[in-house]
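Notes to accompany the following structure.
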Amino acid sequence: ILYNFFLALDKYDDFGVRQAIKKLDEDLKTMVILYYFEDFNIKEISEIQKLPEGTVKSRLSRARKKLESIFLDENIRKEDLNG
C-alpha cells in the first residue's frame with residue numbers, strides 16, 4: 001500500500017516528492033534516491049552502502065512511511081487553509 005502511494009505521488013507531483021525527500025534523514029534519503037531514482041536493487045544498494053540487505057529493506061520501509069506521513073500532513077494543512 002505504501003509503495004503504491006509513493007508511486008502515485010511520484011507520478012503526479014514530482015516537485016512535491018522532491019520536497020518531501022529533502023525532509024528525510026540522510027540515510028533514508030540515500031536509500032530512496034538509489035532505489036527509486038537510480039534504479040538500483042536491494043542487493044546492489046547493500047553492496048554500495050556496505051550494509052546488510054535487511055537494513056536496506058528496513059530503511060526503505062521507514063522512508064516510505066515517513067514520506068506518507070509528510071504528504072498526509074501537507075494535505076491536512078492544505079485542507080485547513082482551504083476550508
Side-chain angles (χ1 to χ4, degrees):
I1 294 172
L2 294 174
Y3 177 72
N4 291 336
F5 180 81
F6 180 77
L7 286 179
L9 290 171
D10 185 35
K11 187 185 295 184
Y12 296 112
D13 189 11
D14 190 51
F15 179 75
V17 171
R18 286 192 306 251
Q19 293 304 312
I21 289 170
K22 287 181 181 181
K23 295 178 182 181
L24 296 175
D25 293 336
E26 199 62 37
D27 61 334
L28 302 181
K29 187 185 314 182
T30 299
M31 297 297 132
V32 167
I33 291 169
L34 290 173
Y35 189 77
Y36 290 105
F37 296 97
E38 299 297 328
D39 293 323
F40 288 104
N41 63 40
I42 300 293
K43 184 175 181 174
E44 292 167 331
I45 295 170
S46 171
E47 292 169 1
I48 292 166
Q49 295 292 302
K50 296 180 178 37
L51 294 168
E53 289 183 30
T55 301
V56 173
K57 289 177 185 178
S58 66
R59 287 183 183 178
L60 281 168
S61 176
R62 281 190 287 141
R64 286 189 292 267
K65 288 177 185 175
K66 179 71 175 171
L67 288 168
E68 179 180 35
S69 174
I70 290 167
F71 279 107
L72 289 174
D73 288 347
E74 301 233 345
N75 283 336
I76 289 169
R77 278 188 242 133
K78 284 180 186 176
E79 288 175 9
D80 289 344
L81 291 174
N82 293 330

Interatomic distance, L24 atom CG to L67 atom CG [nearest 0.5 angstrom]: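 It comes to 4.5 Å.
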Taking only residues two or more places apart in sequence or in another chain, which ones pass salt bridge (charged side-chain N to carboxylate O under 4.0 Å, His left out) with D27?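 Residues passing salt bridge (charged side-chain N to carboxylate O under 4.0 Å, His left out) with D27: R59.
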Test of understanding: with salt bridge (charged side-chain N to carboxylate O under 4.0 Å, His left out), list the residues that count as partners of K29, not counting sequence neighbours.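 Residues passing salt bridge (charged side-chain N to carboxylate O under 4.0 Å, His left out) with K29: E26.
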Run the numbers on Q49 and T55 for side chain to side chain contact (heavy atoms under 4.5 Å, CB included), then give the verdict. CA-CA 10 Å; Q49 295 292 302; T55 301; over 6 Å; no
Closest non-hydrogen atom pair, A20 against I70: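 Nearest pair, atom of A20 first, then I70: O-CD1, 3.7 Å.
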Take Y36 and L60 through the test side chain to side chain contact (heavy atoms under 4.5 Å, CB included) and record every step on the way to the result. CA-CA 10 Å; Y36 290 105; L60 281 168; 4.2 Å; yes
Begin from the C-alpha positions of R62 and M31 and carry the test side chain to side chain contact (heavy atoms under 4.5 Å, CB included) through to its verdict. CA-CA 10 Å; R62 281 190 287 141; M31 297 297 132; over 6 Å; no
Show me the side-chain donor-acceptor pairs of residues 37-48 shorter than 3.5 Å, one per line, residues at least two apart or across chains.
{"from": "N41", "atom 1": "OD1", "to": "K43", "atom 2": "N", "distance (Å)": "3.1"}
{"from": "N41", "atom 1": "OD1", "to": "E44", "atom 2": "N", "distance (Å)": "2.8"}
{"from": "E44", "atom 1": "OE1", "to": "N41", "atom 2": "N", "distance (Å)": "2.9"}
{"from": "S46", "atom 1": "OG", "to": "L51", "atom 2": "O", "distance (Å)": "2.4"}

